[in-house]
Amino acid sequence: MLFQHVAIAGLAHIDAPRRLGSDEINARLKPTLDRLGIKADVFGDIAGIQARRLWDGEMQASDAATLAAVKALADAAIEPDRVGLLVNTSVSRDYLEPSTASIVSGNLGLPDTCQNFDVANACLAFINGMDIAARMIERGEIDYALVVDGETADLAYEKTIERMSRADVTEEDFKNEMATLTLGSGAAAMVMARAELAPGAPRYRGGVTRAATEWNKLCRGNLDGMVTDTRVLLIEGVKLAQKTFQVAKLKLGWVVEELDEFVIHQVSKVHTAAFTKAMGIDPKKVMTIFGEHGNIGPASVPIVLSKLREMGRLKKGDRVALLGIGSGLNCSMAEVVW
């Protein structure tokens, strides 16, 4: 769907404070790596992830999302009582129930008229949340929406390193769980608004989505770990991305050379190279943060967008492509006009 009346009134991100280097993980796993004969630095040299960020202390997904939401509301210069919708998109969550959205809503003191719910779709959920909010704004149901995401990878690291340090771990076990140790923590939030209420703000044009759900077994995760077929996931993910990109060209009028920035879901060096090559994207137009922050799940796209703005890299009128993909497999691509 294409939108005529949707703007991005506020945007913010929070970097988790504690840096965990790949060299520290390799040191902790050295007995396992030596026993299995793995000499390559699979995290730093192959994946291109030198470090990732974790939180200090007991940080819940709702806490991280709340921190980002407060910043985004301040950036939009609106009071919480004007928000008509809160969508939480985190993979991480406090509990199975209640929804993490309800906890964030309570933290922020949002009004009883504000709908709030979680949207779960692996690493794609933030773009899904933007789309849901945009549809309600376009129809005139609400004036403002808040999309949030807080990711906490701390437990997954603790449990995965514990499992991979066991004497009976096989090479297959290591390969299947390796992707868990590329995850990162962080948070992001976006205030979307009826464009008339945010004159001059970046516009959300809309997006397209395609699915290849026959590949839903390639990556399966819980809060304490994840099992991933990284090779097939990359192959089939790029195929789905190419298909979605062709639809974006048709529906959004995309011409690769005319787009100014590509905000790609942050996975690894290998993933980014395959992605840009398959779609003919100039790597200079792709800012990456996975090298120091790892894969922050659905928060990675809005975090990169926020960092681009913070750096002054986005100019008025720039066309920014948001490219997301999530295990399942699902892919969404959207456009923001700055």
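- Counting heavy-atom neighbours within 6.0 Å of R19 CZ, excluding the residue itself, gives a total above 12.
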Which pairs would a plain distance check flag for residues 136-145, meaning a side-chain donor or acceptor within less than 3.5 Å of a matching protein atom at least two apart in sequence or in another chain?
from, atom 1, to, atom 2, distance (Å)
E138, OE1, Q4, N, 3.2
E138, OE1, H5, N, 2.9
E138, OE2, Q4, N, 3.0
R139, NE, E141, OE2, 2.5
R139, NH2, E141, OE2, 2.8
D143, OD1, R194, NE, 3.1
D143, OD1, R194, NH2, 3.3

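- Ring orientation note: the planes of F245 and F262 are tilted relative to one another, at an angle of 30° to 60°.
- Side chain of N222 to backbone of G225: no donor-acceptor contact under 3.5 angstrom is found.
- When atom types are taken as modelled, the side chain of K285 and the backbone of L259 share a donor-acceptor pair closer than 3.5 angstrom.
- Using a cut-off of 4.0 Å between Lys/Arg side-chain N and Asp/Glu carboxylate O, D154 and R18 are scored as salt-bridged.
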Side chains of residues 123-134: which donor-acceptor partners sit under 3.5 Å, not counting sequence neighbours?
from, atom 1, to, atom 2, distance (Å)
N128, OD1, N121, ND2, 2.8
D131, OD2, R135, NE, 2.7
D131, OD2, R135, NH2, 3.3

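- The distance from atom CG of L305 to atom CZ of R313, rounded to the nearest 0.5 Å, is 11.5 Å.
- Distance check, rounded to the nearest 0.5 Å: CG of L85 to CG of L110 gives 10.0 Å.
- Residues E261 and W338 bring no donor and acceptor atom of their side chains to less than 3.5 Å of each other.
- None of R53, K307, R52 except one satisfies the salt bridge (charged side-chain N to carboxylate O under 4.0 Å, His left out) rule with E292; the exception is R53.
- Salt bridge status for D168 with R35: absent, with no side-chain N to carboxylate O gap under 4.0 Å.
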- CA sep, side-chain torsions, deciding dist, call: D260, K315, salt bridge (charged side-chain N to carboxylate O under 4.0 Å, His left out): CA-CA 9 Å; D260 298 289; K315 304 182 298 295; 5.8 Å; no
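- Taking CD1 of I103 as the reference point, atom CG of D94 lies at 4.0 Å (rounded to 0.5 Å).
- Hydrophobic cluster membership is shared by V83 and V148, with clusters built from Ile, Leu, Val, Met, Phe, Trp and Tyr side chains linked at under 4.5 angstrom.
- At least one side-chain heavy atom of R205 sits under 4.5 Å from a side-chain heavy atom of L2.
- Applying side-chain contact (heavy atoms from CB on, under 4.5 Å) to M190 and the options V87, L146, L11 leaves one that passes, L11.
- G150 and A61 get closest at one heavy-atom pair: O-CB, 3.4 Å.
- A 4.5 Å side-chain heavy-atom check between S268 and T182 finds every atom pair outside the cut-off.
- Using a 4.5 Å heavy-atom cutoff, the side chains of E177 and E172 are not in contact.
- The neighbour count for K269 NZ, taken as heavy atoms of other residues, nucleotides or ligands under 6.0 Å away, is above 12.
- Rounded to the nearest 0.5 angstrom, F174 CZ and I38 CD1 are separated by 4.5 Å.
- A donor and an acceptor atom, one from each side chain of D41 and N26, are located under 3.5 Å apart.
- Within 6.0 Å of CD in E97 there are 12 or fewer heavy atoms belonging to other residues, nucleotides or ligands.
- In this structure, S165 OG and L33 CG are separated by 9.5 Å, a value rounded to the nearest 0.5 Å.
- In this structure the side chain of W215 never reaches within 4.5 angstrom of the side chain of L240, judged on heavy atoms.
- No more than 12 heavy atoms of other residues, nucleotides or ligands lie within 6.0 Å of CD in E171, so this atom counts as exposed by the packing criterion.
- The side-chain heavy atoms of D63 and W55, taken from C-beta on, include no pair separated by under 4.5 Å.
- At most 12 heavy atoms of other shown residues, nucleotides or ligands fall within 6.0 angstrom of atom CD in E79.
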- Evaluate the criterion side chain to side chain contact (heavy atoms under 4.5 Å, CB included) for residue pair V247 and R210; output intermediate values, then yes/no. CA-CA 9 Å; V247 179; R210 288 295 182 270; 3.5 Å; yes
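- F275 and I46 are assigned to two separate hydrophobic clusters, defined by single-linkage of ILVMFWY side chains at heavy-atom distances under 4.5 Å.
- In this structure a side-chain-to-backbone donor-acceptor pair under 3.5 Å is present from N216 to T213.
- Put simply, the side chain of T160 never gets that close to the backbone of Y157: no donor and acceptor are under 3.5 Å apart.
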- Begin with the C-alpha distance, continue with both residues' side-chain angles, and end with the deciding distance and a verdict on side chain to side chain contact (heavy atoms under 4.5 Å, CB included) for L322 and E335. CA-CA 6 Å; L322 311 182; E335 182 178 337; over 6 Å; no
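- Under a hydrophobic-cluster definition in which Ile, Leu, Val, Met, Phe, Trp and Tyr are linked whenever side-chain heavy atoms come within less than 4.5 Å, directly or via other members, L181 and V169 are assigned to different clusters.
- Across G324 and H265, no two heavy atoms sit closer than the pair CA-CB, 4.3 Å.
- With rounding to the nearest 0.5 Å, the separation of OG1 in T272 from CZ in F290 is 4.0 Å.
- Formation of a donor-acceptor pair under 3.5 Å by the K239 side chain with backbone atoms of A212 is not found in this model.
- Hydrophobic clustering (side-chain heavy atoms under 4.5 Å, transitive across Ile, Leu, Val, Met, Phe, Trp, Tyr) keeps V336 apart from V255.
- Checking I325, L218, V267, V238 one by one against L233, the side-chain contact (heavy atoms from CB on, under 4.5 Å) holds for a single residue, L218.
- Using modelled atom types, no side-chain atom of E236 and backbone atom of L234 make a donor-acceptor pair closer than 3.5 Å.
- A single hydrophobic cluster is seen to contain both L314 and I303, as judged by linkage of ILVMFWY side chains at heavy-atom distances under 4.5 Å, directly or through other members.
- No more than 12 heavy-atom neighbours from other residues, nucleotides or ligands sit within 6.0 angstrom of CZ on R231.
- Put simply, the side chain of L73 reaches to within 4.5 Å of the side chain of P80, judged on heavy atoms.
- A donor-acceptor contact shorter than 3.5 Å is absent between the side chain of E151 and the backbone of G186.
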- Message: What verdict does the side chain to side chain contact (heavy atoms under 4.5 Å, CB included) test give for Y204 and M192, after you've listed the backbone C-alpha separation in whole Å, the side-chain angles of each residue and the deciding distance to 0.1 Å?
- Response: CA-CA 9 Å; Y204 179 61; M192 303 182 75; 3.8 Å; yes
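- At distances below 3.5 Å, at least one donor-acceptor pair connects side-chain atoms of S92 with backbone N or O atoms of T152.
- Here the side chain of T89 pairs no donor or acceptor atom with the backbone of V119 at under 3.5 angstrom.
- Remark: the backbone N or O of L86 is not paired with any side-chain donor or acceptor of N116 at under 3.5 angstrom.
- Residues V304 and H293 fail the side-chain proximity criterion, which asks for heavy atoms closer than 4.5 Å.
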- Can you list the steps and then say if D75 with V191 is a side chain to side chain contact (heavy atoms under 4.5 Å, CB included)? CA-CA 9 Å; D75 187 50; V191 176; over 6 Å; no
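- Q60 has its side chain out of reach of R93: every pair of non-hydrogen atoms, C-beta onward, lies at least 4.5 Å apart.
- D149 and V91 get closest at one heavy-atom pair: OD2-N, 4.5 Å.
- Judged by distance alone, the side chains of Q50 and S22 never bring a donor and an acceptor atom under 3.5 Å apart.
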